[in-house]
Structures are given as structure tokens and as C-alpha cells.
Amino acid sequence: MTDTLDHPFSPSEIESPCYTRWEELGLFQPQSGSEAYCIMLPPPNVTGTLHMGHAFQDTLMDILTRVQRMRGKETLWQPGTDHAGIATQMLVERQLVQEGIDRHQLGRTAFLEKVWQWRHESGGHITRQMRRLGASCDWSRERFTLDSGLSQAVTEVFVQLHDEGLIYRGKRLVNWDPTLRTAVSDLEVISEEEQGSLWHIRYPLSDGSDSLVVATTRPETLLGDVAVAVHPNDPRYAALIGKTLRLPIMERDIPIIADDYVDPEFGSGCVKITPAHDFNDYQVGQRHHLPQLNVFTPDARIRDKLEIFGGENISDQIPAALSGLDRFAARKKVLALLEAQGLLVQTDDHKLMVPRGDRSQAVIEPFLTDQWYVKVGPLAEPAIRAVEEGRIRFVPENWNKTYFDWMHRIEDWCISRQLWWGHQIPAWYGPDGHIFVARHEDEAQSAAARHYGMPVVLERDPDVLDTWFSSALWPFTTLGWPEKTPDLARFYPTSVLVTGFDIIFFWVARMIMMGLRFMGDVPFHEVYVHGLVRDAEGQKMSKSKGNVLDPIDLIDGISLEDLVAKRTRGLMQPQMAAKIEKATRKEFAEGIPAFGTDALRFTFAALATQGRDIKFDLKRVEGNRNFCNKLWNASRFALMQTPDPQMLEGACEYLAPERWIMGRLQHCETVVNMAFDQYRFADAAHALYQFFWNDYCDWYIELAKPILREDSSFTSAQQCGTRNTLLRVLETGLRLLHPVMPFITEVLWQRVAPMIGKGADTIALTRYPEAKPQEIDVVANADSEWLIAVIRAVRSVRGEMDIPPKKPLPLLLQGGGSQDRSRAEQYASWLFALARLASIHWLSETEEAPPAALQLHGDLRILVPLAGVIDVRAEQGRLAKEQQRLESDRGKTLSKLNQESFRSRAPAAVVAKEEERLREIDAAIEQLVEQAARLEQL
RNA sequence: GGGCGGUUAGCUCAGUUGGUAGAGCGUCGGCUUUACACGCCGAAUGUCGGGGGUUCGAGCCCCUCACCGCCCACCA
């Protein structure tokens, strides 16, 4: 350890050994304490890698966890990973495609083996990365959503909800992803405006007497039209309602119906109705008891024959020219056919919202299928109340509005996915399609035997559950549910959920619903909603944009070439590579230096303000790396002080600077504790930075130096007090900082603590500092602030007058009161040392001062004689500027005081304050004017 | 169409009950002061998006406009 501190701060040397030791010591397992504190890690994708969003979020959770652990609570940060159904399956499928294998050839069992294999190969990566971040999760409790325990819990929940009628199977129009060939939920569909066309198509009346023109963006769905709707009050079409049209191409008669849904202003005021391929049309179809005609196969090609639901005597024929065509080819073909018949009236450019799958980017198709649904109404109601009644609190508060908005309009949740990777739905079908939902096959078999009166062959539903279904159960399944475990009793409800606003609907709302239903209580008391990490320009970080930063690269550093390679490898659009390379070379000409984990973590804390977007700037990390270095070197200074035998005996004397820095420490402790309690991480980081750098390093260490100098006139008891304070304040400060910067604080603390007779296996289990008001010494604070102000005044003259820092200056003091005199005497040693003085002389009020630069502190005049060192012109300019500033302040203050209404209505204290200010300004101006006059005479 | 954010120093952002505008980075000047040049000392910088209102007093409260961004929504 001695060696480590001999050379500059080097994060890579201290971090890994430190973490390994923590883990070996089992520090992160809950240690029994008065109160429980628990955070659930939002489980990342098991095969994923850590990105900036994770690193940010994990840092915040770790800070909270470490603070509470140090406060003596029984603290659990529960880790785990998610099987991430679609994402993982897609990835493995893509790997197989590269080997020339289709998953369907492989079969379900063999495919799942491949996925499990992949999970075992790349599974530990993200958790290893979290360790690099210093995350103090209890890894011994790590869970995976497809663990047998969690899987059983998922089945249990499914069965119970089904038994209560809250899960049902139904044929509905769903969001269908034709490339993944699965249903997806509303939330997994991203609609974006794209350029398209609006085609106007003529539909002749069946009797040939007239025709209508309908406008559509999707002409290929014409094959499934079952009606044309007009607004009931639209005079243009009133006479036609009830008549029938001859559907082009299909040569089928369809009715003209009236429905409010139609906007007469849009297009022609006539809407073709295709209930099987449009959500609105589906509703219209329901209202008018229209059949549903499906024209697509699951991969969105035109079927050979229509699939007909609810219709009678409808021909299922589809022209051979169309069948088998992909939907986009079919669109062209349909248009061509219409054109040929002269029925394509007009084509307009049209912007429309195109729905795409968030994973596949494929255009989502409204598609009629059988799916499983959660009836959310009965679950949503108590979930809304929980937030209304304050049993769950969003921080910042305004997110509850977003939550309520969604919860009040929530629709049934489609939970089945036509995938293989996931929790297979615990439902079996009898020969006649009768459904048996059961905990396992045996249970289903016996139920079936009872139902049919004899054993039958059952077929299990091949579908799996939406990944978010198991995630919704995370806060209690990880603690052992459905068993009634001590962990559940101890840690549920958890304390806080830390999450981004992007998954309030996906996850937060669903956890609340499920938690209330199955645990009878909220899953967490608070939801801290943080912003989303973006790049320096405010762009979302994404592989395709090539602006991704890897948190591990910020910790370890990365060369420019490696970074370019990393960013341009495996792009979906390889043509972007050149552009990305250019931008990367420009932004990171030198690559990225190794900043270390502590610097990165501190940066995240400092960026965690209440805003929605967090623009990530490398410069901030660099500055905080410097902060680490500063802390490191300050510690080296403190540790250089050879321990004094007296020190531990309490025989020390504490001078004003000692008592002042103790007070500053109390102040910092107050601010930091309050900030963490309110999730104001940036405030805490700021207070810590300012305390260590400005108070401790810039002032206290400098004030300590004159005391500790070998030739100093301070007593050994005073020197002892200084050494003790240097170390005591540092030791406490390190504990205060530890949750944010766990590594450097641990290493330094292990060196510092023994110097003052403390010691422990780890700083992580020491007591978190709390402010002790009795440690604040008002007199010492006032004295020290006076001292600092006078030193600053002299330094300011030196700086502005370009006096070399080394040149000792004679200092003249004039005016002031008896307190100024006694302070000047008492703190002379520090004035001499820190302001580099040659001498201090007091001038009486009547004595004429020599030409000098003037600084004011209250009514104390601080004079630095010009003799040979100061340019008179420069000083005159400085005085004039100062006077100008004061005059402007004076004007503002005076006009305020001259207002009768201010005097009569403002609180007396405020008026008095203004009056005091005016007196001070007047006095200062008077001094400046006099001084200027004196200089003028030279 | 509905909702929610944002607009403060060159840049990124703080600013918690209304009472003389702050930080970091950057900029400028000066420094081998024995912890630290990843440093030290000093300095400059703002009609707090526009307009109106409430108030003795507004960056903060109310109204309005502009611009930027996000979320939700069934206009074919």
C-alpha cells in the first residue's frame, strides 16, 4: 500500500483487487440491521453488454445502496438478468442463419438448446461489467427470469389469473410482426411519419347507376373489404346508404354503411372497411356486424384463398395474379389492375404514420389471430389508487401524470408471443380445442380426463409469454414467491425503483399491478425516474448512428483505432461506416484516456439532475478524474504527517482553521445526506467536490502548512491538533464520498483510518457520516472567513497588478474595528504565509497612507503600497471600475429604499438589510474616491 | 389532436417556500509556492427566449407568443 501512494493515482491498479476483496468478504449480503432497505436491479438482457444507460442507472442504485448500508440498514440490492425473449431469439436466429440454418429446420428443442448454449457463453458478461462499475449487488442471490424458481412463479401467476378470469384467450386484431411472425404489444410498436400515397379508387354501385370514390393508403387490403362507410349526415352520400357497391377485382357486392367514424372532410368522405386489417375498421365491423376477411398469410403474403370469419356466402376466391405476392408487391399489382380498369382516379402524396416493430423494424400488420390476454381493468384500478394515495411516489413528481394518463386508458395486454425462447404458456388443448390451463402437464391431463371422462392426448400451446410478463413479477419472484419466505417478509415492499421514463408503461405500471394483486402491497414505495443518457450533441446513442460510448472504455481507455473498429464493426447499414469513422476520428483524435471507475461514477452522479436528457460530455469525466487525482494527492499530504504520540491522547489544541474545516465538514454532511434522501445526486456530488477541493485542499491544507512547518512557532499541541484534523476530516470525508467513489475511498481509507486509531475490513461497512451541529464553531468560522477574505484581497491585488507571486509584500491596514485588530494579530502567521507578506503595519485613522492599492473588507482598508511594484494607472483603472460597480449597486438599492411602498410593505428585516447595504456601499465608495484622489496627486 | 419537458455566462447545466444570478469546462493574465501542471493564484463573462400581468420586489407565480424536444392518439 505504501508503494501505491508513492506514485500518482492509477485507477486500474486499485479497482479490481478492491472489488475482488469485497466480494470475497461477502460485504454485499444483507447484514442484519434495524430496518430493511431493498432495491431490485431492473434485470438487463442476460446476453447483453453494459451500455451507458445501465452504467448510469447502476451507479445511482449503487450509491443509494451503499449509503443505506453504511447507515446500518439491512441492505439488499437484488441482481439478476432477463431472458429478453425477442431480442435473444433474434440474435441466435441470426447466428444460425449465418451457419445456413433455419430455426424451423432445427426444431424447437434443438433451437432452445442453442439459445441456452448462447446464454451460457455470453451470460456472465454484463454482470462482470457491473462488477467493474463497483456495483454492490448481492451476487449470491443472482436470479434469471428463466430459472426454474422464477418459471414456476410465472406459471403460478398465469394459472391464478386465468382461474380468476383475468387471463383469457381470444381472437382479436393484434399488432403482428410479419418478419418475426409473432404478435407484439401496443408498446412494442413505434409509429413514425413516413412519406406515402393516398390513392383514390372508384367503386361502382352494384346496379351500375353510379359510383363512389374511396381514399386509401393501403390499396392491397381492398381484397378484404366488406363495406364502404360514409358519415351519416353527409348529404353527398345520404341517398346511397344501404345500397351496395361492386368491389373491384374481387367482384363482390359490399354495402354502403353510415358511421360516425368517417370524417367527411378527409379524402372523398368515403372509407373502405377492412375489419381484418385495420383497427378502426375492426371497430366499425363490430358495430355493423360485418364479417372479417383475412387476405394475408402470417408472413404478410396474399393468401391463396380468403380466410373468412363471420361471413356467409362469400366467395373466398383471390385472383391467381395476386395470391402469394408479398404485401408490397401486392399493392403495386392491385394498383396496376385498378389502373387497367380505369378505376384508379387519383394518386396524392400523403404523409402517414407507419407502425414498425421496435425490434425488427418491420411494418406491423394488424392481423386477426388467437392470442392470450390479461384483462387489465381490475388490476389497473388498485394500481391507480396506490399512486393517488401516495403509497407509491414518483420522483420527480410529474411522472405520475404520465402514469395516470396511461393507466386510465389502458387496454387488455396481449401476452402471448409466437416465439420459442421464453416461458411457454401453461395451457393444453384437448382434441376438440377445449383449453386446460394448469401448473404442469399432469395437472392438465387429469383435468382433461375429468372433462372428457377418459384420458386424451393433449397438445400444449406452443406460444411463450411476453418477456414483460415475468419482469412484472420481478420484485417478488426474486425473493422466493410463491413460497412465503423470510426474504419476502423482510424486503417486500422494496424501498425504491430506479428506472428510466421509457419503461414506465412496459414495466413500472405492470409491476405495480402484479405486486398489488399477488402480494397485496405495492412493490416499492418510491420510483426515482432518471433521465436518458445521450451523446454530447443530445442524440440518442445507437449502434447505427455510431455514437455509442462503452462505459468500460471510459474506465480503461481505448485507442482511436480500436474505437473506430468497434464502432464500425457489424453495422446493419455498412455504408454508414465511413461517416462514422470520420466523426469518430474527429471527436476522439487521441482515443479515450483511462479515467477509472470512480471518475465515471462521480460524473454520472453529477449529471443526475431532474432533466429528461443527459448529454454526456467526456470533459466532465476528465474533470472528475482530476478530482480523484486531487483527492489522492491531498491524502498523500495528510499521510506524510508523522503520527504524533500525543495525537491519540486527546491532548491536542484545535485552532480556528481546524474548527473551521470541521464546520465545513458538518455542512457538507448535512447537504450530502439531504441530497441523497431526495435523490438529488448532482447536489451531493457538487457538495462533495466543493468540500474536498475548495475547502479542504485549497484552504485547509494551505492553512495547515504554516502550522506544521519545521520552523513554525506553533506549539506541539497545536501541531498535533492540525495533524489530527487533517486526518480526521479526511477520514470522515472519505466515508462521506465512498458511495459515489467506492474504490479510491476504500484504498485511501485503509491508509488514513489507522493513523487515527480506526480500522475495519472495509470502509463500505463503516458508519455513514452525519452532521453534528456541536462541531460548528461560529467564532472560528467568522474568524477564518475573515482571514480568507483578507488573504484573497491581497492576492487579488497581486494578480491584477501583476506582482510576482514570490515577492513578499508589505501590508498596511487601516480603519476597521478592534476585532479586525485582534484578528490581524491572531492570524498573522497565516497572513504572512498565504498572502506572502513581508510585514503588517496598522495605520491610525488620521495617518496618511502612502500611495497604495486598496481593497476593502467591511470598513477595513487593506493597502498594498505601490512603491516600485504597482503601476499607478492600473490601480486607478481598477478603482474606477470598482467604483462604477458600486455606484450601479447603489442606484438599485437607493431606488428601492426611496419607494414608499417598499418601506411600508416589505418585511422590516428586508428593509433593514437594504439600508445596511446602502451604508456599506456609501462607505466603500467614499474610500475609493479618497484613494483615487490620493493617487491623482502623485 | 392531447399531454409533458426545455429555452439562464462561449459550451454543458444548477438555481427547493419570490428578497442583490451560480458551478464545471472553456477563455485571458501570472506562477517549477517541497500533496497535486490531472496543479496553484488572479480575472473576465449574463436585458435568466419575447410580450403582458400579480407583487414593495419575479429566473422563480399567472397569462400569452415563439422556437426546440419527448410521449400518447384510430384520420382512411
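Convention: sequence-line order gives letters A, B, ...; per-chain numbering from 1.
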Residues A/Arg287 and A/Asp259 bridged, charged N to O under 4.0 Å: yes
Salt bridge (charged side-chain N to carboxylate O under 4.0 Å, His left out) between A/Asp711 and A/Arg709, intermediate numbers included: CA-CA 5 Å; A/Asp711 60 349; A/Arg709 245 203 310 264; 3.5 Å; yes
Would you measure the distance from the P atom in B/A14 across to the matching atom in B/U27 and give it in whole Å? 24 Å
Passes ring-ring contact (aromatic ring centres under 6.0 Å, His included), A/Phe681 versus A/Phe56? Steps please. CA-CA 11 Å; A/Phe681 298 92; A/Phe56 176 54; 8.3 Å; no
B/G6 and B/C63, which share atom name P, separated by this distance in whole Å: 15 Å
Does the pair A/Lys705/A/Glu702 count as a salt bridge with the N-to-O cut at 4.0 Å? yes
Please figure out whether A/Lys705 or A/Val910 has its closest RNA chain B nucleotide nearer the 5' end. A/Val910
Does A/Ser796 place a side-chain N or O at less than 4.0 Å from the phosphate oxygens OP1/OP2 of B/A43? yes
Could you state the atom-to-atom distance from CD1 of A/Ile201 to P of B/A76 in whole Å? 15 Å
Partner nucleotide of B/C25 by Watson-Crick or wobble geometry (both distances under 3.5 Å): B/G10
Does the structure show a Watson-Crick or G-U wobble partner for B/C4, both distances under 3.5 Å? Name it, or say none. B/G69
Nearest-angstrom distance from the residue atom CG of A/Asp613 to C1' of B/G5: 9 Å
Does this structure show an ion pair linking A/Lys913 with A/Glu915, if we count only N-O contacts that are shorter than 4.0 Å? no
Go ahead and name the base partner of B/U17; Watson-Crick or wobble counts if both distances stay under 3.5 Å, otherwise write none. none
Looking at every non-hydrogen atom in both residues, tell me the closest pair between A/Gln195 and A/Leu352 and how far apart they are. C-CD2, 4.3 Å
How far, in whole Å, is B/G39 from B/G59 if one measures between their C1' atoms? 36 Å
Mind calculating the distance between CD (A/Glu365) and P (B/C74) to the nearest angstrom? 16 Å
Rounded distance in Å - CD1 (A/Ile791) to P (B/U33): 19 Å
Got a donor-acceptor pair under 3.5 Å from the side chain of A/Glu702 to the base of B/A35? yes
For the P atoms, the ones on B/A44 and on B/U34, what distance do you get once it is rounded to whole angstrom? 28 Å
Earlier contact from the 5' end, RNA chain B, for A/Lys913 and A/Asp405: A/Asp405
If I pick the P atom on B/U33 and the same atom on B/G22, what distance separates them, to the nearest angstrom? 33 Å
Complement of B/U32, any strand, by Watson-Crick or G-U distances under 3.5 angstrom: none
Distance between C1' atoms of B/C68 and B/C62 (Å, rounded): 24 Å
Record whether the side chain of A/Lys630 comes under 3.5 Å of the base of B/C36 through a donor-acceptor pair of N or O atoms. yes
Distance between C1' atoms of B/C25 and B/G57 (Å, rounded): 34 Å
Scan every strand shown for a Watson-Crick or G-U wobble partner of B/U54, both distances under 3.5 Å, and answer none if you come up empty. none
Distance, rounded to the nearest Å, where A/Phe501 contributes CZ and B/C70 contributes P: 10 Å
Indicate, yes or no, whether a donor-acceptor pair under 3.5 Å links the base of B/C38 to the side chain of A/Arg625. yes
With sugar-phosphate meaning primed atoms plus P, OP1 and OP2, does A/Val262 contact a base, only sugar-phosphate, or nothing at under 4.0 Å between heavy atoms? base
Distance in angstrom units between A/Arg534 CZ and B/C11 P, rounded: 20 Å
Can you tell me the distance, in whole Å, between the CE atom of A/Met353 and the C1' atom of B/G1? 12 Å
Tell me the interatomic distance from A/Trp632, atom CH2, to B/C36, atom C1', rounded to whole angstroms. 13 Å
Distance, C1' atom - from B/G69 to B/C28, rounded to whole angstrom: 36 Å
Atom pair OH (A/Tyr237) and SG (A/Cys270), whose distance is rounded to the nearest 0.5 Å: 3.5 Å
